[in-house]
Amino acid sequence: MNPVSRTLRWALWTAMVLGCAASGLAAQVWPKTTYLRPHGACRGTTVNVEIHGTNLGDARELLVRSAPGYPTSTARDIEVLALKSVKDSTVLATLRVAPDARLGTRQLRVRTAHGVSGIEFFRIGTRPHVAEREDNDAPETAQKIELESCIDGSLQSGDIDWFEVDIDRPLRLRIEVLGVRLGDAPIDPRLVIVDADGAQLRDVDDTMFGRMDPLAYVDVERPGRVRFAVRDTGWRGATTGADYCVEVGTFARPRLSKPLAVRPGTTATLRLLGDGADSDDVGLNEIRVPSDALERSGGLGLMAVHPFATSNLPWSTRIESPARAAPTPLHVRVSDLATTFERDPEAEADVPAVPCAFEGCIERPREADRLRFRGKKGDRLRIQVVARILRSPLDAVISIRKPRDRVIASSDDTGTSVDPVLDVTLPSDGAYEVTITDRIRSGGPLHRYRVEVDRVKRRPYARVLPPGRNEDHAIAIPRGGRSGFRVVTSGLEAGTRCRLEGLPPGCTSEVCTVERGASILGFVIHARPDAGLSYASLGLSVSAPGEDAWQPLRIWQVSDLVRVTNNQPYLRTIETELPAAVVEELPFDIKVVAPSEPLVRGEAISLSVRARPAKGFGETLRLRVLQAPPGISAGTTSLRASEKASEKEREAQLELRANESAAIGTFGIHVMARVYGRGGFYECASDVVKLRIVAKPEAEVGTK
Amino acid sequence: MSHRPLHAWSRSSVAVSLAAACLCIGTPVLASPEDPSSNESSSIVALHVVPPFVRLDDASDAPRILVLAEDRGGVVRDVTHEASYDTGGLATFIDGQLEGARAGEGKLVVTLGTRRRSVPLEVRSIDQPKSVSYEREVLPTLTRAGCNQGACHGAAAGKNGFSLSLFGYDPERDHRALTYEWNGRRIDLLEPAKSLLLLKPCRDVTHGGGKRIEPRTDAYRVLHEWIFEGAPSDVGTLPRLVDLVVEPSSLVLSTRPEMARVPLIVRAIYADGQDRDVTKLALLTSRDGAVAAIDDLDSEPTIVAKSRGESIVLARFGNVAATARVLVHEPESDAFVWPADLPPPETLVDRHVEGRLRALRTLPAGRCSDETFVRRAFVDLVGMLPTVEETRAFLASTEDGKRARLVEDLVARSEFTDYLALEWAEALRIEARQLGDKGARAFDEWLRAQISARRPFDAVVRELLTATGSTFAVPAANLFVVERDPKLIAEHVAQAFLGLRLQCAQCHDHPFDRWTMDDYYGFGAFFARVNQKRGEDYRERIVYPRFSGELAHARTGKPATPEFLSGSSPKIDRNEDRRQVLAEWLTAKDNPWFAKNLANRLFARVFGRGLVEPVDDVRISNPPSHPELLDALAARLVELEWDVARFVTELCKSDAYGRATLPEGARVDSFAGRAPKRLEAEVMFEAIRELTGVRERPRGAAPESRAPAFPAGVTLPRFLGLFGRSARESACTCERSEQPNLAQVLHLLHGPEIEASLRSPKGRLARLVAGSATNDEIVDELFVAAYSRSATEAEQKRLAAVIGDATGLARHALFADVLWAIINSKEFLFEQ
């Protein structure tokens with residue numbers, strides 16, 4: 001063998017070995033999903049779904065849950081018949097959708113042996129799906145489709161997709177495009193509809209109802225052919241294709257309901273508005289509202305209603321006319337408050353007392369509505385408008401005053417929400433008047449609003465903090481190791497104990513206590529070495545200081561599915577149970593040496609962290625403290641966890657610094673170690689070490 | 001607030017208008033007498049007296065009188081010193097000036113030979129003590145002496161600790177500086193002659209500004225007497241200065257020594273109707289001193305002809321300016337005769353252009369060839385070269401009126417919309433940096449939709465100015481995201497829709513135009529209540545009006561009251577959107593600037609330059625080359641109800657549009673012919689793409705879209721910026737550059753994109769070479785595609801020698817060299 005080929009062979013073998021090692025280690029990286037296809041299915045069908053992403057090898061389970069505002073999905077709604085990792089970047093799943101599966105969006109996650117992926121939306125509808133055929137970039141080569149269809153399409157850069165449908169009778173043709181609402185990418189679709197002669201009937205970009213997703217209707221009066229095209233408004237698309245769905249049919253498409261709110265445990269009759277023109281009223285829809293609808297709302301207080309897909313049965317699964325069922329829901333508010341509908345504010349009789357709610361409509365430009373209620377001096381009230389969140393075009397501005405008196409307070413937007421919230425303390429007993437108007441002085445039949453006036457209530461909750469900017473989160477607990485995550489709490493007093501509920505088998509977690517002046521808690525879950533790979537949905541419960549009983553605490557986790565410029569979130573979803581999985585053991589562990597001396601206020605100490613890598617492991621660990629006690633700031637550092645490294649090289653120092661008012665006491669500290677790999681990362685937590693924080697010695701204080 | 005007469009575009013008070021009309025209409029210019037051997041008779045046919053009425057308000061009022069004799073040829077000469085005068089004892093006439101003798105009303109009778117003219121004469125008072133006015137005499141004296149110009153004490157920081165307002169725009173501040181600062185050391189009330197205010201400009205003590213005033217002149221006398229009288233201020237006590245007139249406002253001189261000089265009179269009009277001669281106090285300058293210069297500024301300001309050409313005389317007094325036009329002929333042109341065989345002008349444009357050519361004694365160029373016309377029309381109207389087929393069809397056609405038909409066809413094309421939208425996208429500053437990709441694209445599409453629908457332009461502008469709502473749902477609202485400061489919004493609106501540059505007046509009264517700080521802040525106040533907030537989408541803005549909030553005047557600190565630029569203040573209800581009120585005024589048919597601005601921009605688009613140039617720099621000191629034509633075009637646009645397409649069609653149907661190219665160095669603002677102009681960046685880019693047949697689609701652009709239609713937010717090819725595409729950082733038309741530079745030359749010579757296009761297997765050359773066309777046919781196609789003409793025999797012969805018998809790749813390479821040479825030729829890169 002000549003030297004060149006010998007060298008070459010050696011190089012190839014080395015690369016293979018390293019590649020295997022790397023791939024083996026990279027397999028620990030938490031899975032990520034980027035998109036799936038198709039994005040939904042019709043009831044009563046079986047569909048093969050491709051889920052794409054990274055680190056999806058060794059898929060174990062497809063987790064299917066309902067989106068917020070929907071009832072809990074049952075296993076029989078969507079049955080996973082098969083699940084297989086084809087390669088690291090793709091998982092194939094075969095799903096059978098029950099003929100009576102509830103309509104709407106499901107949230108899917110892929111659980112592998114090493115973690116749980118982020119959320120992908122999957123829609124259940126009533127129209128059969130058809131895949132786009134890619135040679136349809138001109139009207140002449142438009143793809144023929146049936147009238148009641150859901151098209152799964154994809155746009156490349158500069159792409160335009162043409163479709164045509166033959167209409168055999170006069171009807172109202174509806175086309176609704178779902179782009180950004182698929183939860184994948186910031187696609188900005190545009191819909192153009194032309195008649196048989198090519199004359200443009202509609203050119204729609206953004207809509208109030210669909211935001212960046214267009215929807216339109218055409219009243220077809222004579223049988224004939226209608227063509228329509230979908231493209232990205234900016235002609236951008238994506239290299240692998242920016243996905244969209246187009247629902248084509250004769251479905252009703254109301255955009256708002258009257259009333260806007262329903263009460264739990266009641267039967268509500270909704271008048272559905274805005275089917276075509278804003279003033280169109282498409283009829284009544286009666287729904288039964290479950291008594292736990294508020295709990296199922298994901299903390300938003302909203303319930304999804306698929307018009308004409310629900311009838312007198314709770315969350316009906318029986319749809320009388322699948323063609324009429326709207327493909328996407330409108331939302332209603334779930335509220336216990338008694339509602340007063342629009343009336344003459346001067347009418348003295350029956351001015352409601354707090355708490356109360358009002359519903360009305362700014363019907364004409366420049367109109368302002370006045371709503372009166374009675375309150376008492378010192379009442380701390382929250383006056384909240386619910387309008388835009390239900391897709392009312394109203395951009396509400398509210399103010400409060402005593403009738404014919406000066407304005408006490410006013411509000412326009414609240415944070416990033418267009419719906420204002422006003423917190424006010426009433427200065428005296430009596431009647432108060434809330435004025436509501438539109439910011440740009442517009443009005444119309446859909447400018448409906450709801451105003452809720454209630455006392456400010458302390459409603460504790462916890463929200464999961466993602467592990468890093470722009471990162472989704474699912475808890476992956478390595479066997480024989482630990483996982484850590486943080487939550488931010490609100491409304492809990494110091495001394496409240498918090499614990500995780502619903503842990504997977506073989507896992508334990510310590511109780512955390514809310515410290516004075518601190519709202520962030522760090523939880524660590526430990527899995528025994530023999531714990532099975534499994535999945536659980538975690539909850540949180542709390543016990544007030546001095547009490548034994550534990551109460552469930554609202555907890556939620558926000559996932560940003562679509563971001564726009566500057567990574568600003570555009571589409572978010574919420575979960576109220578935390579996904580957690582026991583995963584394979586990690587190829588390393590870390591040990592933190594408890595400091596022998598206490599940490600004095602105003603000073604710093606170092607925590608010694610040692611890595612214990614498995615054979616063949618040689619990655620860099622990025623170290624940080626999971627959650628430092630109040631007044632303590634912690635640095636970050638890294639170390640190389642290689643078995644070939646010396647003892648000294650496998651140890652790093654993490655600095656902890658206490659400010660002059662740091663909390664005094666003994667606290668448990670966990671250190672997190674993160675490894676970045678191909679397309680992502682994985683991490684684990686150390687065992688707890690105790691850190692004692694003390695005040696400065698008195699002699700020293702006196703000297704100073 | 002008193003109504004101030006409109007002043008822009010050389011319009012003046014009624015009486016003066018009549019006088020100017022008498023002197024200007026029919027006999028377009030005033031001219032000095034010609035050589036008797038000329039073709040025109042030199043006998044006097046009329047006698048003119050300037051001003052047309054005389055009033056002396058007080059003892060200090062000493063108006064100049066100018067008497068002009070008009071001969072048969074419309075030429076006038078100064079006969080002031082030859083005439084005799086009878087005032088009926090009301091006044092005495094000395095050296096061209098009247099001084100009151102007794103109060104009363106009568107006539108000033110002027111006699112020259114057998115001719116006699118009389119004008120009303122009124123002497124209101126002669127008893128009023130002669131006292132020097134600070135505002136009307138002292139400040140103008142300092143301005144005339146150059147003390148308060150930007151290079152001297154009028155600079156922001158002043159000079160040597162002494163700061164005056166630029167050209168005296170802040171009289172109160174200047175009075176404090178003159179009389180109060182530094183313990184009042186600048187004036188000596190006991191011994192006025194020892195005041196620094198006199199010693200310095202007379203250079204009796206060291207003065208960095210040099211000698212500015214001579215002792216024993218009127219300037220010295222004014223300052224001395226003012227100090228002697230105690231240096232009082234009369235600011236705010238006198239009627240407001242509202243207008244300024246220079247007379248004669250338009251005249252023709254000859255460089256013959258005996259005809260080269262005509263005195264000028266400058267008159268100030270005040271709000272109470274006073275009309276005073278301020279010739280010796282006004283600052284007079286000539287824009288082109290090599291053509292006509294100002295002489296005897298201190299005694300009898302006179303315009304003196306120097307060489308052939310045209311100049312503008314700018315007079316400045318107080319915060320008002322006025323101009324006069326001066327045309328100078330040389331004796332060689334005295335024999336000029338307008339050819340009798342030239343057909344009479346039929347269109348509005350041709351009538352006015354011919355009138356001016358006659359006055360300039362310039363012959364028009366002949367009709368351009370069809371080859372030139374077809375290329376020109378395509379470039380001007382749709383921003384692209386005609387295809388080979390389109391060119392050949394046009395050249396082969398023998399249809400009568402084919403040029404007019406071509407224009408109509410081009411104006412009906414979508415590319416006309418795209419090209420027009422490009423210009424307005426620049427004026428509106430539609431770009432993604434400020435508006436975001438989505439907002440810019442929505443704005444751009446909205447603009448194109450308006451033009452494509454041929455929506456009346458006034459309605460479009462009203463919608464823009466009053467846009468309210470989301471920048472996504474109401475794209476016109478993006479106008480208020482481009483700029484958010486009300487002052488900058490006002491500047492942008494004025495420049496884009498009125499052609500006015502108000503910027504200077506933010507800090508001081510405009511030095512070369514009529515705009516004061518009051519005008520600036522009054523206009524800006526219309527936008528003081530525009531507000532915006534973030535929309536539901538992070539990238540979205542919601543624009544809406546508030547009903548409180550003001551714009552503070554930079555000088556007074558007080559809230560500025562909304563005031564139109566014409567001087568009137570509208571009544572605005574408390575809950576009314578001020579923008580609505582402004583939009584009605586701005587787009588009104590009688591708005592002095594709106595219609596003219598649009599007409600001028602469209603004219604510039606078609607003819608390569610505007611009647612006012614630059615098109616967005618309308619000011620007194622930059623008057624239109626053809627003021628009557630501009631007025632007429634504006635009126636025509638209104639008559640057409642703002643139909644831009646029809647208006648442009650009419651322009652292109654004129655003979656002036658179809659004239660041949662002028663030689664290099666020829667005067668271009670006469671429109672005697674067409675000046676060569678380099679293709680704009682987008683047009684050149686498309687021309688190269690069309691010529692080579694290689695079209696890469698930029699990211700974000702629609703398939704098959706062309707450079708003029710590339711919307712904001714598209715990743716633009718580097719070529720466009722290199723060749724001067726506007727960056728849209730301001731509304732100024734100067735952002736688009738046609739200046740050549742080395743980078744452009746190198747790009748055309750060696751740029752990788754051009755090289756790749758020439759050798760592309762998908763391009764035109766590859767197709768031609770692979771086909772059955774002969775070398776001559778290929779050359780001809782390339783010439784027709786590039787130049788809209790066939791190759792001449794000599795060109796064919798020369799290129800045949802180059803190509804020879806080459807085949808295959810070698811032949812392609814040689815033709816690529818030919819195409820490269822064509823791309824780098826002036827005939828390709830320029831529009832003729």
Side-chain angles (χ1 to χ4, degrees), chain A residues 137-138 156-160 180 186-188 190 192 200 203-208 211-212 229 231-239 365-366 368 387-389 391-395 397 412-420 437-442 560 562-571, chain B residues 432-433 435-446 448-449 452-453 466-475 477 480 530-547 575-577 580 695-705 709-715:
Chain A
D137 52 3
Q156 280 74 38
S157 176
D159 196 7
I160 179 167
V180 70
I187 175 177
D188 187 358
R190 183 96 167 233
V192 174
Q200 184 173 295
D203 181 1
V204 184
D205 187 0
D206 296 352
T207 54
M208 179 56 63
R211 295 189 67 189
M212 281 209 283
R231 65 169 175 93
D232 184 282
T233 296
W235 294 97
R236 294 195 189 267
T239 313
R366 299 179 178 233
R388 183 58 64 87
I389 198 169
R391 308 319 304 158
S392 163
L394 180 68
D395 182 351
V397 179
D412 184 355
D413 299 348
T414 306
T416 56
S417 168
V418 168
D419 291 334
T437 185
D438 184 83
R439 177 80 270 177
I440 59 171
R441 305 211 285 181
S442 72
D560 290 334
V562 177
R563 294 195 183 92
V564 291
T565 312
N566 289 341
N567 270 324
Q568 291 292 317
Y570 189 88
L571 185 71
Chain B
R433 209 168 34 249
L435 305 178
D437 190 74
K438 197 162 159 71
R441 198 176 279 271
F443 200 8
D444 197 80
E445 283 184 13
W446 174 87
R448 279 170 207 280
S452 173
T466 57
T468 298
S470 154
T471 49
F472 292 172
V474 181
F480 298 99
V530 181
N531 205 8
Q532 55 180 276
K533 62 172 185 171
R534 191 196 127 143
E536 246 190 309
D537 186 318
Y538 165 77
R539 305 162 292 177
E540 181 189 22
R541 310 294 300 175
I542 310 293
V543 174
Y544 60 94
R546 291 176 304 175
F547 301 97
N575 286 333
E576 196 172 2
D577 185 351
Q580 196 75 44
R695 311 180 70 86
E696 294 288 329
R697 184 185 68 87
R699 181 168 158 75
E704 304 305 318
S705 63
F710 288 166
V714 162
T715 308

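So you know, we letter chains A, B, ... as the sequences are listed, proteins then strands, and number each from 1.
Heavy atoms of Arg699(B) lying under 4.5 Å from chain A belong to its backbone as well as its side chain. Only the side chain of Arg697(B) has a heavy atom closer than 4.5 Å to any heavy atom of chain A. With a 4.5 angstrom heavy-atom cutoff, Asp232(A) does not touch chain B via any of its atoms. Only the backbone of Ala701(B) comes within less than 4.5 Å of a heavy atom in chain A; its side chain stays farther off.
Here the closest heavy-atom approach between residue Tyr538(B) and residue Thr565(A) is recorded as CE2-O, 3.5 Å. Shown here for Pro703(B) and Gly158(A), the closest heavy-atom pair between the two residues is CG-O, 3.4 Å.
Summarising the geometry, atom CD belonging to Glu445(B) is positioned 7.0 Å from atom CG belonging to Asp205(A); distances are rounded to the nearest 0.5 Å. Separation of atoms CD (Glu536(B)) and CZ (Arg388(A)) is listed at 4.5 Å; rounding is to 0.5 Å. Between Ser470(B) atom OG and Asp395(A) atom CG the span is 10.0 Å, to the nearest 0.5 Å. How far OH of Tyr544(B) is from CD1 of Ile440(A): 11.0 Å, rounded to the nearest 0.5 Å.
Between Arg236(A) and Asp437(B), some side-chain heavy-atom pair lies under the 4.5 Å cut-off. Between Phe472(B) and Arg211(A) the shortest side-chain heavy-atom distance does not fall below 4.5 Å.
Under the 4.0 Å criterion applied to side-chain N and carboxylate O atoms, Arg441(A) and Asp577(B) are not assigned as salt-bridge partners. A salt bridge links Lys533(B) with Asp413(A): the closest approach of a Lys/Arg side-chain nitrogen to an acidic carboxylate oxygen falls below 4.0 angstrom.
Applying the side chain to side chain donor-acceptor pair (under 3.5 Å) rule to Arg439(A) yields the partners Asp412(A); only residues at least two apart in sequence or on another chain are considered.
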